[in-house]
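Everything quoted here is computed from the prediction, not taken from an experiment. Convention: sequence-line order gives letters A, B, ...; per-chain numbering from 1.
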Amino acid sequence: MPQPLFTWLLIAPSLALFAVFNILPLLWLVGLSFFRYNLTFGPPPQFAGLKNYTDLMNDRFLWGRLGLTLLFVLLAVGIETVLGALLGYAFWKKRDLPGRRLALTLLFVPMVLAPVAVGTFFKIIYDPMYGVLPYYAARLLRIKPPDLLGSGNLAFPAVLAVDVWMWTPFLIMMTVAALGAVPKALLESAEVDRLTAWQRMRYVVWPHAKFVLMLGVVLRTIDAFKTFDLVSAMTAGGPGNQTQLVSLTIFREAFNDFAIGKASALSLLVLFIAVSLASIYLFVLNYGVLREGK
Amino acid sequence: MIGRRRIASALASLGLWAVCAAFFMPVFWIFLAAFKTRAQILTIPPIWVFHPSLEGLRFMVERQAGAFWQYLLNSVMISALAVTIAVFVAYLAAFSLSRFKPAATDFMMFLLLSIRMVPGAAVVLPLFMMYRSLGWIGSRWAIVLFYAMFSLPFSLWILKGFLDGVSRRFDEAAMVDGASRFHVMFRVVLPQVKPGVVAALIFNMIFVWNEFLFDFILGGERVATIPVALAAGLYTSQGTDWQYIASLTLVYTAPLMVAIFFVQRHLLLGMTFGTVRGEV
Amino acid sequence: MLELKGLTRRFGARAALEAVNLAIAEPRFNVVFGGPGSGKSLLLRLIAGLERPDEGAVWLHGSDVTSTAPQARRLAYVPQSFALYPHLKVFENIAHPLRLAGSPAAEIKQAVARVASTLQISSVLGHYPDQISGGQRQRVAIARGLVRQADIYLLDDPLAGLDYKIREALLDELRDLQERLKALFVYATSNPLETLALADYVHVLVDGRIVDAGPPEQLSGAPKALWTRLNLGYPLTNSLASRLTSADGRLLCENDLFAVCMEEACTAAVDADRVFATFRPEDVRAVPPNEIGERLIDFQAEVGFVEDIGGERILHLATPAGEVLAIHGLDIQIAPPKTRETFRLRPSDVLVYNSVGCFTGRGASAPRRAALDA
Amino acid sequence: MRRPTTALNRTAFVVLASLAALGTLYLGARRAFAQNNAQPVTLTILGISGWTPSELAGKMAPEFQDYAKQTGGLSVRIKFEGAPFSALEQKAATSLAAHSKEYDIIISDSQWLGALSTPGWIVKLNDIIQREPLLKRAEGSFNTITRWAYQTYPYGSDNLWGLPQEGDVLALYVRNDLARDAKNQAAFKDKYGWKLPTSFEEWEQVTWPKFEQIMGFFNRPDQGLYGFAGEYSKTYDFISDHVMSMMWMWGGEIWDSNAHQVYGILNSPQNNAALEYYIALLKYQPPGANTFDINGVIQSLTQGKAFSGLTWAAVGPAILTPEMKDKIIVVPPPGRIVNGKMVRIYCVGGQPWVVNKFIDRQHMRAALEFLKWWYLPETQMRFARLGGNPVAQYVLDRPGFEQIQPWYREYRYMLVTERARDFWHNPTYASLLEVQQEAWTAYATGVVNSAKVANDYAACGQQKILYDAGFARQAPPSSCEEVRLR
């Protein structure tokens with residue numbers, strides 16, 4: 001078998017899966033986004049040109065939702081990254097932690113739970129009447145048990161907190177893995193060279209750790225952008241619109257309203273934003289690699 | 001001096017264990033609820049010590065007229081098949097991209113990553129339309145293949161990272177020794193990227209095992225998995241069924257926990273995307 | 001049995017190998033000698049089929065295998081990096097080619113045991129590659145390359161980096177092995193001593209071209225290429241920038257240290273002002289000041305640093321033309337450092353190469369002092 | 001390949017364990033489905049999981065198999081599938097949109113009739129009902145609100161798309177043990193000068209202002225007891241049912257169903273007052289009540305946290321647990337005096353059966369047989385005894401019906417045209433609902449501080465939806481541009 005044929009033969013199954021289950025639906029999505037089409041009423045699909053898109057542009061609430069989603073992503077990923085990096089560093093540093101394997105297993109469990117279950121169960125954990133959390137918070141701080149999900153001001157942070165709880169372990173894991181990528185010999189020689197802690201971080205640890213760490217951040221950003229099950233189960237986007245992330249909006253447009261055309265246009269807009277975000281990240285990553293001359 | 005250092009070390013251990021415990025606490029609370037009665041779950045002040053009841057677990061199994069077993073079987077089969085297919089297919093592609101570096105390799109890597117960026121609610125719709133016209137709604141294989149596709153990018157990224165780290169000299173030495181291409185791929189190179197394979201398997205398993213939306217919309221009763229059962233069973237005529245949620249969470253999280261415990265080293269190593277060989 | 005016809009491989013605009021032709025008809029120990037980056041590894045990889053040439057062809061046993069996959073070429077190969085499979089124990093690593101060939105288990109065991117004992121790694125057969133020392137790993141790699149019965153063995157600098165003692169021992173082993181197997185060994189190295197110790201025949205590769213070929217004696221005697229002259233041997237050959245002039249109808253090679261009359265047959269240089277007079281350090285003799293030799297080249301130099309290389313000494317001589325090396329046995333008395341002394345060369349030991357590195361001619365006699373003075 | 005024996009053992013162990021696990025699973029699954037041997041016609045019903053009347057139907061449905069065999073010689077196998085309330089519509093609508101034959105009969109929510117019938121997914125039942133005496137008899141026995149709520153689209157028209165599976169009304173669950181307590185009685189009388197009601201008849205006279213006194217009286221946070229629990233959750237239609245009920249009682253309307261006009265009607269002053277009033281009730285409720293769904297009300301009552309709770313009659317079995325059965329009575333929710341007359345208007349709940357249009361004749365026949373069976377007096381009675389809410393008047397009117405379940409008296413009392421009302425059956429109902437759920441929960445949780453803004457937001461949003469969809473003639477006014485929730 002000639003080499004090029006073999007090369008592509010190996011890639012073919014992946015591309016085939018990709019084409020059938022991703023490209024095809026996406027093309028379909030693009031097509032639908034130009035149609036005025038509602039499943040449950042109205043005429044059969046009608047070509048509407050860019051109408052769905054102009055509608056989106058004029059939808060003054062949509063931008064609020066996108067803003068909220070970006071805020072959510074920014075805060076969630078930001079907090080998770082900082083916490084994850086710090087704790088990850090601590091766990092990496094302390095490799096002789098007694099029972100480290102068990103400790104890390106316990107630590108990693110939150111991210112393997114089903115978001116539906118987590119969202120639902122946190123409703124009761126947060127409940128001001130039956131919830132453990134408000135109960136102990138009240139006892140500790142000598143306040144009234146806070147109503148976390150039922151308050152316009154607290155619902156967003158409360159949802160954010162659950163996301164942080166679920167996904168900080170992921171970034172801890174990535175940090176531990178990333179730091180593992182730093183050659184030990186380099187670290188030792190840095191010790192001998194008497195570099196300050198900051199210098200050691202900047203010149204020894206970071207160049208090796210950043211790829212994995214950034215990849216963790218990229219993956220988390222992508223996933224945070226898509227957060228759906230968790231919020232849908234916990235607040236259904238409420239109270240009011242306080243946790244109405246854009247993925248909930250898409251789902252609503254598509255599967256409550258069956259506004260297929262509009263939902264498609266919105267999906268593509270969101271996809272475009274997600275791809276741009278990821279591209280920026282990857283660009284930064286690559287740029288970093290180029291600059292370090294690797 | 002040594003005494004002080006030892007105390008500091010003990011304190012650090014204690015602190016880290018406290019962190020782990022804190023993160024595990026909500027999970028523990030859910031697990032605990034699986035052994036509580038409904039009233040105990042709702043009791044405030046919270047009950048920590050009690051006589052465990054197996055009522056919740058028993059009810060979970062009996063509740064959907066035995067369908068629980070089918071949900072579990074579906075979950076196991078669908079996720080195992082999907083992840084295996086994904087990792088296998090991704091390995092082939094990663095091998096090709098890593099070894100033969102065809103044109104547009106970087107572009108393809110990014111393209112495949114973009115699968116992950118698509119919001120679920122966005123693709124489920126056209127996918128649903130597509131499945132509908134192909135008559136795939138409720139088909140096991142259609143669900144498995146979809147999940148396989150969804151698990152592709154991450155597997156590919158991990159595996160390519162690892163494959164890039166395995167010197168081509170191995171391939172070459174084996175080839176001159178007379179090894180076929182497939183021998184090189186599966187007997188010479190594959191064993192060397194085991195951490196990547198394990199990490200890809202586990203990581204995608206977590207996703208597929210927990211996925212709800214696609215199975216719910218594209219599947220039917222026949223392919224319903226535990227998360228779908230969970231969503232369908234959240235409410236009973238008695239109100240929200242906390243026992244059921246807790247029991248189900250316990251039962252289907254446990255295998256993943258065990259897996260994480262036993263393959264932790266591989267998982268951590270895997271998450272380095274092949275940038276490190278050795279201990280993490 | 002091995003023939004390369006006009007083999008060319010380019011990387012971008014640079015030709016890493018250019019129009020390499022060689023033909024080896026009988027089993028022998030054939031060394032490809034070249035500096036780092038000269039393309040010798042690439043040459044072996046082309047023979048093995050791991051790379052495809054841009055032009056030219058590889059023939060094995062009388063058939064064109066240029067587009068044949070490496071698996072089908074039935075060669076044995078010891079790669080430059082050891083490429084030991086980390087997931088297999090040493091035994092399995094060595095046995096791997098035999099397993100692939102489907103040899104019976106008993107035979108494999110025997111073959112591995114034999115090659116392992118030859119290479120003195122029998123004790124580590126049960127270990128994983130990361131549990132043994134670097135030298136052992138290297139020998140395992142060699143063992144894996146040699147365990148299989150093949151007509152052609154390709155060895156890519158297998159002894160690089162090994163310590164002296166093991167190396168000495170392995171050199172002998174390799175030679176013996178080749179004689180026993182009666183196979184063609186194509187052995188790439190940048191080490192002149194290995195080359196001289198092992199080779200039945202040497203190909204010298206410089207910048208992707210074969211500049212010299214021949215038995216080692218011939219090459220160490222009067223190589224065609226300056227590069228060979230300079231590098232094949234230890235310590236390195238002295239080379240002095242010189243010019244060719246005509247005197248009395250004869251060519252004279254002059255430099256800041258000496259002048260020498262060239263042989264009759266000497267060809268004219270491309271650029272008469274830029275030629276290189278070369279002579280081996282071992283041909284430089286210290287002479288007592290009173291002993292004046294006619295027809296020999298004498299020069300004064302200050303003895304600088306003296307290097308003891310076990311059994312012999314290398315003298316670094318400071319001369320008007322730059323540093324010159326001489327090598328002396330321990331038995332010869334030399335003056336203490338920083339003293340001036342007279343050294344002597346036989347004219348016929350001086351080989352002259354032109355500006356493009358081709359052999360131009362050999363010295364014949366020292367000019368008369370008078371002629372020189374004039 | 002040579003590997004250490006321990007590794008071999010470990011590998012073998014893992015493989016064997018996996019095989020054993022799979023085998024167990026397989027056997028378990030097989031046993032669970034062993035009784036399901038193939039039959040000629042399988043009738044698949046999609047219902048609401050976790051909803052008593054739906055689950056009762058699922059539980060009773062197999063009884064139809066024997067009936068069908070005896071009467072029509074029809075060999076039918078019943079399969080019941082459930083989806084949660086919040087996801088049932090997605091499940092049903094996507095399946096129907098796919099023209100799938102997966103579900104033969106679907107328990108739909110009453111408001112979906114427009115959305116399911118407009119694309120032509122469900123069977124129009126007028127002719128069939130006329131043809132089948134049994135169904136005709138049942139149909140004849142439904143009262144107007146039953147017919148409108150569970151059968152018609154457009155609401156109030158003669159197009160019949162569904163048949164009522166269960167009827168449902170809002171009911172007030174009251175802790176009568178506390179009300180009857182002599183100390184409470186005396187203290188209440190002292191404080192407010194009238195008798196704390198303890199019976200159905202007494203509660204029938206209670207208006208919202210009076211009820212507020214009762215709620216206030218029992219609101220004792222220090223004892224862990226609160227006066228009331230209502231629904232305020234954003235999920236599905238939880239807050240809407242209650243708020244709309246208040247609006248109707250306050251003299252408002254939610255829209256003009258002919259002109260499809262919302263703006264100016266939903267955000268009328270009396271509706272603003274009604275919304276304000278309902279949200280203000282939170283002060284008598286347990287912490288967290290502003291996100292209560294049905295479950296919140298159930299838990300408040302069953303855990304003894306609330307004196308009273310307003311929720312569906314259908315969840316009676318969940319509230320009247322063995323511990324609470326004797327303590328709680330079910331009474332009509334408070335009314336309002338309008339022009340000297342007591343007025344009670346509350347949202348109806350309940351669900352219709354609808355029939356998939358894409359099924360073949362054989363399945364259609366079985367489906368019809370099933371529906372006929374459902375309206376047999378025996379079936380309806382059995383449904384009642386198990387705790388469902390039947391709707392055929394010939395069952396409701398049977399002597400002794402009100403004694404079958406504790407809430408049946410209230411149920412019968414409320415399921416009449418002047419006391420019960422349903423909201424839009426329009427195909428855009430999901431969007432309409434979403435907007436007002438958003439607006440009203442925003443107000444309930446303090447995201448916006450004015451009922452007017454919340455109602456304006458809902459009205460503007462709904463007007464736009466109806467206008468964009470081509471139903472409404474009027475676009476939302478330009479003032480809508482300024483309306484937003486925080």
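Ranked by non-hydrogen atom pairs under 4.5 Å with chain D, the options A:A236, A:G237, A:P146, A:G150 are led by A:G150. Between chain A and the residues D:G114, D:P427, D:G120, the most heavy-atom pairs under 4.5 angstrom are made by D:P427. Heavy-atom pairs under 4.5 Å with chain A were tallied for D:V448, D:D468, D:T291, D:V447; the largest tally goes to D:V447.
Residues D:W440 and D:Y278 keep their aromatic ring centres 6.0 Å or farther apart. Residues D:F228 and D:F218 keep their aromatic ring centres 6.0 Å or farther apart.
With a 4.5 Å cut-off on non-hydrogen atoms, A:T235 touches chain D through its backbone but not through its side chain. Proximity to chain A is absent for every atom of D:K464, based on heavy atoms less than 4.5 angstrom apart. With a threshold of 4.5 angstrom between heavy atoms, D:Q303 approaches chain A through side-chain atoms but not through N, CA, C or O. Looking at D:Y443, there are no atoms closer than 4.5 Å to chain A (heavy atoms on both sides), in backbone or side chain. Neither the backbone nor the side chain of D:N426 comes within contact range of chain A, judged by heavy atoms closer than 4.5 Å. Contacts of A:D147 with chain D are made by side-chain atoms alone, with heavy-atom separations under 4.5 Å and no backbone atom involved. Heavy atoms of A:N153 lying under 4.5 Å from chain D belong to its backbone as well as its side chain. For a residue to count as touching a neighbouring chain, one of its non-hydrogen atoms must lie under 4.5 Å from one of that chain's; by this rule D:S233 does not touch chain A.
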